[in-house]
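Down below is the structure, laid out as structure tokens.
Please read all numbers here as calculations on a predicted model, not as lab measurements.
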Amino acid sequence: MSYDHQKIEAKWQERWAAERTFNVVEDPSRPKFYSVQMYPYPSGELHMGHLRNYTYVDLVTRYRTMRGFNTLAPMGWDSFGLPAENYAIQTGTHPADSTASQIVKMKEQLRRLGAVYDWDRELASHTPEYYRWDQWLFLQLYHRGLAYKAAAPVNWCPRDQTVLANEQVIEGHCERCGAEVERRRLSQWFFRITDYAERLLADIDTLDDWPDRVRTMQRNWIGRSEGATFTMQVDEIDAAFEVYTTRPDTVFGMTFAVLAPEHPLVDELVAGTDRAEDVRAYQQKAARASEIERLAEGDKTGVFTGRHAVNPVNGQRVPIFVAEYVLLGYGTGAIMAVPGQDQRDWDFAVKYGLEIIRTVQPPDDFEGEAYPGDGVAVNSGFLDGLGLDEAKERIIAWFEDQGIGHRNVNYRLRDWLVSRQRYWGAPIPFVSCDACGLVPVPESDLPVLLPEVEDYTPKGASPLAAVEDWVNTVCPDCGGPARRETDTMDTFVDSSWYFLRYCDPHNQESIFDPAKVAYWMPVDQYIGGVEHAILHLLYARFITKVLNDMGLVEVDEPFRRLFTQGMLVKDGAKMSKSKGNVVAPDEYYDRYGADAIRLFELFMGPPTDDAVWSDNGVEGTARFLDRVWKLATGEAGEVADRGLEPRDRDALVAAHRAAAKVTDDIERFSFNTAVPALMTLTNELTDYVRRGGRRETLDEAVGILLRLLSPMAPHIAHELWERTGRDTMLAREPWPEWDPDLVRHERVTLIMQVNGKVRDRLEVDAGIGAEEAERLALASSRVKERIGEGQVEKVISRPPKLVNVVVS
RNA sequence: GCCGGAGUGUUGGAAUUGGUAGACAAGAUGGACUCAAAAUCCAUUGUCCUCACGGGCGUGCGGGUUCGAGUCCCGCCUCCGGCACCA
């Protein structure tokens with residue numbers, strides 16, 4: 001290395017901090033740019049995978065600043081949650097202590113990367129200054145009827161001893177620890193996100209600058225379906241139940257009905273019958289079985305109740321079954337089964353020898369399975385002959401006329417379970433009083449501080465339950481004895497609004513000043529991992545909409561542009577501590593420097609894609625920086641003070657074209673092509689110098705190069721900016737403009753093809769006309785040779801790029 | 001199974017609207033410099049045929065549209081991510 005990267009990197013890191021280059025305040029006179037990365041859990045050790053993400057964010061911050069935006073890039077810590085708590089259990093250290101030291105370590109590593117933030121706005125979700133407003137927010141949701149406590153079957157992780165949200169159960173296993181998840185019935189707090197299902201779904205359409213795959217995932221997660229609900233009478237006893245279907249048009253094909261094992265009507269149906277025992281045994285088996293066992297069984301199981309329901313359209317008696325494949329939590333927990341059109345019903349019918357009636361005419365050679373497609377209705381009474389859509393309309397109208405059913409919409413989305421039986425989280429601000437019941441803690445008493453405990457180990461209830469003098473309190477309403485809620489909040493509550501708090505992080509009076517939020521919001525660029533495509537982004541959208549309804553936030557979508565970066569892969573697995581394949585940056589910092597690491601992270605591939613770590617890649621970008629250094633410092637060759645020559649213009653053209661290209665690339669997050677554009681420019685300018693460059697021209701070209709390089713490799717760019725006699729802070733310099741006259745290509749290569757194959761090429765004037773291009777092509781000896789004896793059928797002329805001569 | 005996304009040299013990747021496939025790197029080979037090595041610089045590097053000029057083939061596979069397809073359409077294969085009995 002021909003320059004001391006360690007020294008200059010330390011120098012500029014200090015300079016940016018000392019000059020507060022990236023600390024900002026609201027300034028209505030300038031356009032703002034609000035850039036947020038998904039705030040990290042403070043794990044202490046950053047590896048190359050993290051650096052990739054931080055490099056992208058830092059590049060955006062620096063670029064937008066140079067483009068003249070009042071750019072806010074804050075940083076904070078997602079410091080509540082299981083990792084810190086598990087660490088505390090392992091080591092016996094208080095989570096607050098380990099978290100604090102991890103944060104110090106991570107800040108140091110970010111500083112070494114040259115990543116810049118407005119550190120004045122730093123926040124950490126485990127601090128009372130922060131979680132106080134989690135609690136406040138919780139109370140607001142409660143007052144708006146959006147937070148409620150209910151007994152519900154929940155996903156229980158036996159290892160972590162806590163409840164998990166549906167979203168945190170991956171294939172029947174705990175997202176965190178991988179243990180098999182059980183079902184339990186507990187009293188839990190929920191947020192009523194389903195009230196916002198329609199808005200959360202509809203507004204996905206407004207998120208034009210989100211990746212399609214994330215929008216699709218969100219749509220699927222919300223899972224809207226349109227159909228009808230109608231009531232069926234039980235034949236033998238005086239009882240009825242509702243079913244939901246997306247295919248009411250197939251109701252004539254119903255040959256049985258199914259209730260979920262937990263359906264409240266089941267007991268009544270079988271009470272006192274000889275089926276009671278079988279049904280109860282099946283229910284118990286279903287309750288015991290974990291999700292994974294249910295899935296592993298594969299084929300459909302069920303049990304006949306001995307009762308029948310009456311199909312309202314034709315009076316047919318159909319047997320009622322109880323089966324696991326019907327879920328209590330979706331629709332009405334009961335279905336009409338139409339095996340002719342639904343594969344699950346088909347499988348069940350085949351297994352239990354039930355009748356199958358087709359009510360939609362399948363294609364001719366279609367047999368042996370359910371036909372869910374469109375077609376003409378058959379065996380369907382007054383619907384016969386109609387198409388799917390019309391039949392649906394007709395039957396729903398009929399249900400409504402009869403007063404037994406109606407059109408309705410269902411969502412897959414469930415309410416958000418926010419209770420956690422863990423220590424390291426924000427206490428839920430409620431007390432329960434024998435006299436008054438569940439009572440919210442008054443806002444003036446917030447925060448409800450998380451007490452110190454000796455033992456963090458979960459024992460089925462929150463460790464907080466053991467802190468008697470904390471749990472026992474007085475009722476805010478009647479003053480009598482009361483007990484505190486001992487559950488803490490899901491950490492996704494913390495992360496659903498932190499981007500709002502950044503706008504006003506030290507406010508002691510309120511969650512934030514709406515005026516400041518109005519200035520900064522929405523987040524113009526949000527960057528994070530695609531693993532948060534569903535949960536975090538959905539919750540953050542939900543909370544933003546609630547705050548919008550409360551009049552505190554003007555926007556009702558928080559993130560204007562979303563970028564989800566790929567993972568860094570090594571040895572075939574995501575680089576992570578738990579996989580044991582992390583590459584620590586320290587050695588690379590020492591050997592190549594932060595700038596070379598940053599450039600390699602940018603260079604290695606498209607930011608959206610997973611990238612594979614390669615040990616010697618950094619060497620390539622380090623060599624490039626060396627060439628930049630030599631070019632700017634004169635080591636690459638002397639330049640002369642002399643008059644203008646034609647090739648001086650070429651050097652400027654190269655610089656201006658690079659400016660146009662790099663700008664375009666950064667705008668569309670194509671960093672892996674922006675770096676090569678600078679490499680090419682450097683190579684061209686080096687070549688220019690070796691052939692005898694002109695001082696003034698080189699100085700101008702290098703000025704452009706350094707400004708373009710500045711967001712990507714800021715330390716070396718700043719150092720060279722200073723060494724080449726520029727006394728301004730490069731980070732605040734305007735982004736280079738380019739002269740359209742220089743960027744425009746005046747001479748271009750005309751490709752001459754015969755039957756689509758390149759046969760000759762020629763430098764031509766860019767303004768060449770179609771006839772002239774055609775004439776030149778036909779005049780080419782190579783083209784003529786290829787035409788030979790053949791007939792010229794036609795000539796496609798697309799000046800100035802290409803002429804194709806079609807010969808038979 | 002359903003919904004997304006991807007498949008290009010030895011490797012990472014480029015080709016932004018259908019118009020020169022392989023930019024820029026990494027690696028490799030040869031050369032210069034050196035007592036030697038490292039570093040640096042220069043050259044070559046998809047594949048096959050040819051001494052060469054030049055030509056054939058080539059973007060997972062099979063078809064198609066087009067003057068022209070890595071790019072568009074149809075049918076497959078493989079890999080990655082998400083969801084998974086949602087009626």
Side-chain angles (χ1 to χ4, degrees), chain A residues 1-2 170-172 211-221 223-225 227 243-248 250 258 260 291 294-295 297-300 323-327 329-338 341-345 347-348 372 410-414 530-531 533-534 566-567 569 599-600 603-606 608-621 623-624 626-627 630 661 664-665 668 670 672-680 683 690 749-761 782 785 793-798 801-807:
Chain A
M1 299 291 280
S2 56
I170 311 296
E171 290 180 351
D212 285 340
R213 65 171 169 163
V214 174
R215 300 206 296 174
T216 304
M217 281 160 79
Q218 292 236 335
R219 279 193 195 99
N220 293 345
W221 191 262
R224 182 180 200 273
S225 76
V243 297
Y244 170 72
T245 177
T246 54
R247 291 295 301 275
T250 65
V258 186
E291 289 284 318
R294 287 193 184 194
L295 291 175
E297 277 191 47
D299 66 356
K300 310 271 174 291
E324 278 185 333
Y325 82 93
V326 173
L327 309 173
Y330 185 79
T332 59
I335 62 160
M336 67 164 191
V338 186
Q341 273 80 230
D342 184 284
Q343 191 59 41
R344 293 158 303 186
D345 297 346
D347 294 343
F348 194 85
N410 258 295
Y411 298 93
R412 214 192 71 115
L413 183 71
R414 313 290 166 80
V530 73
E531 67 271 20
I534 297 173
M567 298 181 305
V569 172
L599 273 185
F600 177 59
F603 183 60
M604 62 170 102
T608 42
D609 292 3
D610 289 352
V612 179
W613 175 258
S614 87
D615 288 324
N616 51 18
V618 185
E619 218 164 302
T621 51
R623 278 181 210 157
F624 160 65
D626 245 6
R627 289 198 295 274
K630 287 176 182 169
K661 163 85 176 147
D664 185 42
D665 284 349
R668 57 193 184 92
S670 181
N672 57 315
T673 56
V675 176
L678 293 181
M679 289 176 167
T680 305
N683 293 344
R690 286 183 182 158
T749 307
L750 179 68
I751 301 301
M752 305 177 196
Q753 297 181 324
V754 177
N755 289 341
K757 291 203 183 293
V758 180
R759 297 303 176 187
D760 203 0
R761 57 199 75 191
R782 294 223 179 126
E785 192 182 318
E793 297 270 309
K794 59 176 157 178
V795 179
I796 312 286
S797 189
R798 295 277 179 278
K801 291 189 94 169
L802 174 135
V803 175
N804 186 15
V805 181
V806 185
V807 176

**Item:** Base-contact (B) and sugar-phosphate-only (S) positions in nucleotides 1-8 of chain B, heavy-atom cut-off under 4.0 Å, - elsewhere
**Value:** --SS----
**Message:** Any strand counts, and the cut-off is 3.5 Å on both contacts for Watson-Crick or G-U wobble. Which nucleotide pairs with B/rU66?
**Reply:** none
**Request:** Could you check if the base of B/rG9 is syn or anti? Syn means the glycosidic torsion is within 90 degrees of 0.
**Result:** syn
**Asked** Separation of A/Ile751 atom CD1 from B/rG18 atom P, in whole Å?
**Response** 19 Å
**Request:** Describe the nucleic acid contact of A/Thr608 in one word from base, sugar-phosphate, nothing, applying a heavy-atom distance below 4.0 Å.
**Result:** nothing
**Message:** Within the 4.0 Å heavy-atom criterion, would you say A/Glu793 contacts the bases, only the backbone, or no part of the nucleic acid?
**Reply:** nothing
**Message:** I want to verify a distance call: between B/rA23, B/rG12, B/rA87, whose nearest atom is closest to the A/Met604 side chain?
**Reply:** B/rG12
**Given B/rG27, B/rU16, B/rC85, the nucleotide with the shortest approach to the side chain of A/Glu619** = B/rG27
**Message:** With rounding to the closest Å, how many angstrom separate the P atoms on B/rC42 and B/rC51?
**Reply:** 32 Å
**Asked** Between B/rA87 and A/Tyr330, is there an OP1 or OP2 to side-chain N/O distance shorter than 4.0 Å?
**Response** yes
**Request:** Whole angstrom is fine here: how far is it from CZ in A/Phe600 over to C1' in B/rC24?
**Result:** 13 Å
**Prompt:** With a 4.0 Å cut-off on heavy atoms, is A/Arg668 in touch with a base, just the backbone sugar-phosphate, or nothing at all?
**Reply:** base
**Asked** For B/rA25, does either OP1 or OP2 sit under 4.0 Å from a side-chain N or O belonging to A/Asn683?
**Response** yes
**Message:** Applying the Watson-Crick and G-U wobble criteria at under 3.5 Å, what pairs with B/rG27? Answer none if nothing qualifies.
**Reply:** B/rU45
**Item:** Whole-Å P distance, B/rA14 and B/rU8
**Value:** 11 Å
**Message:** For a quick test of reading the model, state the closest non-hydrogen atom pair linking A/Tyr330 to A/Tyr411 and the distance between them.
**Reply:** CE1-O, 3.5 Å
**Item:** Close side-chain approach of A/Ile335 and A/Tyr325, heavy atoms under 4.5 Å
**Value:** yes
**Prompt:** What is the base-pairing partner of B/rU20, counting Watson-Crick and G-U wobble geometry with both distances under 3.5 Å?
**Reply:** none
**Complete:** Whole-Å distance, A/Leu327 CG to B/rC83 P, equals 16 Å
**Complete:** Per nearest nucleotide of RNA chain B, the residue lying toward the 5' end, A/Arg761 or A/Met679, is A/Arg761
**Item:** Nearest non-hydrogen partners of A/Gly605 and A/Asn672, listed with the distance
**Value:** O-CB, 3.5 Å
**Prompt:** Rounded to the nearest Å, what distance is computed from the CZ atom of residue A/Phe624 to the P atom of nucleotide B/rA23?
**Reply:** 18 Å
**Prompt:** Could you walk me through whether A/Asp664 and A/Arg668 pass the salt bridge (Lys or Arg N to Asp or Glu O under 4.0 Å) check?
**Reply:** CA-CA 6 Å; A/Asp664 185 42; A/Arg668 57 193 184 92; 3.6 Å; yes
Just the atom pairs and distances: protein N or O near nucleotides 40-49 of chain B's N or O, under 3.5 Å.
from   : atom 1 : to       : atom 2 : distance (Å)
B/rC42 : OP1    : A/Arg690 : NH1    : 3.4

**Request:** Just call it for A/Arg215: base, sugar-phosphate, or nothing, with non-hydrogen atoms closer than 4.0 Å on any strand.
**Result:** nothing
**Item:** Pairwise C1' distance, B/rC76 and B/rC85 [rounded to whole Å]
**Value:** 28 Å
**Message:** If you apply the rule side chain to side chain contact (heavy atoms under 4.5 Å, CB included), what do you find for A/Met336 with A/Thr250, and how did you get there?
**Reply:** CA-CA 10 Å; A/Met336 67 164 191; A/Thr250 65; 3.6 Å; yes
**Prompt:** Is it the case that more than 12 heavy atoms not belonging to A/Glu785 sit under 6.0 Å from its CD atom?
**Reply:** no
**Listed nucleotide nearest any side-chain atom of A/Ile796, set B/rC24, B/rU16, B/rG19** = B/rG19
**Prompt:** Within a strict 4.5 Å, meaning less than it, do heavy atoms of the A/Val806 and A/Asn755 side chains meet?
**Reply:** yes
**Request:** In whole angstrom, give the distance that lies between atom CG of A/Leu678 and atom P of B/rA25.
**Result:** 12 Å
**Message:** Strictly distance-based, threshold 3.5 Å: is any side-chain N or O of A/Asp610 a donor or acceptor partner for the main-chain N or O of A/Met567?
**Reply:** yes
**Item:** Spacing between A/Lys801 atom NZ and B/rG68 atom P, to the nearest angstrom
**Value:** 18 Å
**Message:** Please confirm whether the shortest side-chain N or O distance from A/Asn804 to OP1 or OP2 of B/rG19 is below 4.0 Å.
**Reply:** no
**Prompt:** Under 4.0 Å between a side-chain N/O of A/Arg412 and OP1 or OP2 of B/rA84, yes or no?
**Reply:** yes
**Request:** Identify whether any heavy atom of A/Thr673 sits under 4.0 Å from a base atom; if not, whether one sits that close to sugar-phosphate; answer base, sugar-phosphate or nothing.
**Result:** sugar-phosphate
**Prompt:** Whole-Å distance between B/rG55 P and A/Gln753 CD?
**Reply:** 14 Å
**Prompt:** What is the nucleic acid contact for A/Gly617, judged by heavy atoms within less than 4.0 Å: base, sugar-phosphate only, or nothing?
**Reply:** nothing
**Asked** Looking only at heavy atoms, which two atoms of A/Ala611 and A/Met604 are closest? And how far apart?
**Response** CB-SD, 3.4 Å
**Message:** I'd like to know if A/Lys757 reaches the base of B/rU20 with its side chain such that a donor and an acceptor end up less than 3.5 angstrom apart.
**Reply:** no
**Asked** So which nucleotide from B/rG27, B/rA14, B/rA87 ends up closest to the side chain of A/Asn672?
**Response** B/rA14
**A/Arg627 side-chain N/O to A/Met679 backbone N/O, donor-acceptor pair under 3.5 Å** = no
**Item:** B/rU40 - base-pair partner by Watson-Crick or wobble geometry, distances under 3.5 Å
**Value:** B/rA32
**Prompt:** Looking only at atom types and distance, does a side-chain atom of A/Asp345 sit under 3.5 Å from a main-chain N or O of A/Val338, one as donor and one as acceptor?
**Reply:** yes
**Gap in Å between the two P atoms, one belonging to B/rA37 and one to B/rU17, rounded** = 50 Å
**Request:** Taking only the side-chain nitrogens and oxygens of A/Lys794, find out if one of them lies under 4.0 Å from OP1 or OP2 of B/rC67.
**Result:** yes
**Item:** Rounded interatomic separation in angstrom, taking CG from A/Asp665 and P from B/rA15
**Value:** 8 Å
**B/rA6 versus B/rG54 - spacing of their P atoms, nearest Å** = 38 Å
**Message:** Heavy atoms only, 4.0 Å cut-off, all strands: where does A/Val612 land among base, sugar-phosphate and nothing?
**Reply:** nothing
**P spacing across the pair B/rG64 / B/rU59, given as an integer number of angstrom** = 15 Å
**Message:** Here's a test of your reading of the structure: between A/Met567 and A/Val758, which maps to the more 5' nucleotide of RNA chain B?
**Reply:** A/Val758
**Prompt:** Choosing from B/rA23, B/rC80, B/rA87, which nucleotide comes nearest the side chain of A/Pro676?
**Reply:** B/rA23
**B/rU71 pairs with, by Watson-Crick or G-U criteria that keep both distances under 3.5 Å** = none
**Item:** Integer angstrom distance from the C1' of B/rG22 to that of B/rA32
**Value:** 29 Å
**Listed nucleotide nearest any side-chain atom of A/Arg759, set B/rC83, B/rA87, B/rG55** = B/rG55
**Asked** Given the C1' atoms of B/rG55 and B/rU65, what is the spacing between them in whole Å?
**Response** 29 Å
**Prompt:** Which nucleotide, in any strand shown, forms a Watson-Crick or G-U wobble pair with B/rC85, with both distances under 3.5 Å?
**Reply:** none
**Request:** Tell which nucleotide pairs with B/rC76, taking only Watson-Crick or G-U wobble pairs whose two distances are both under 3.5 angstrom.
**Result:** B/rG60
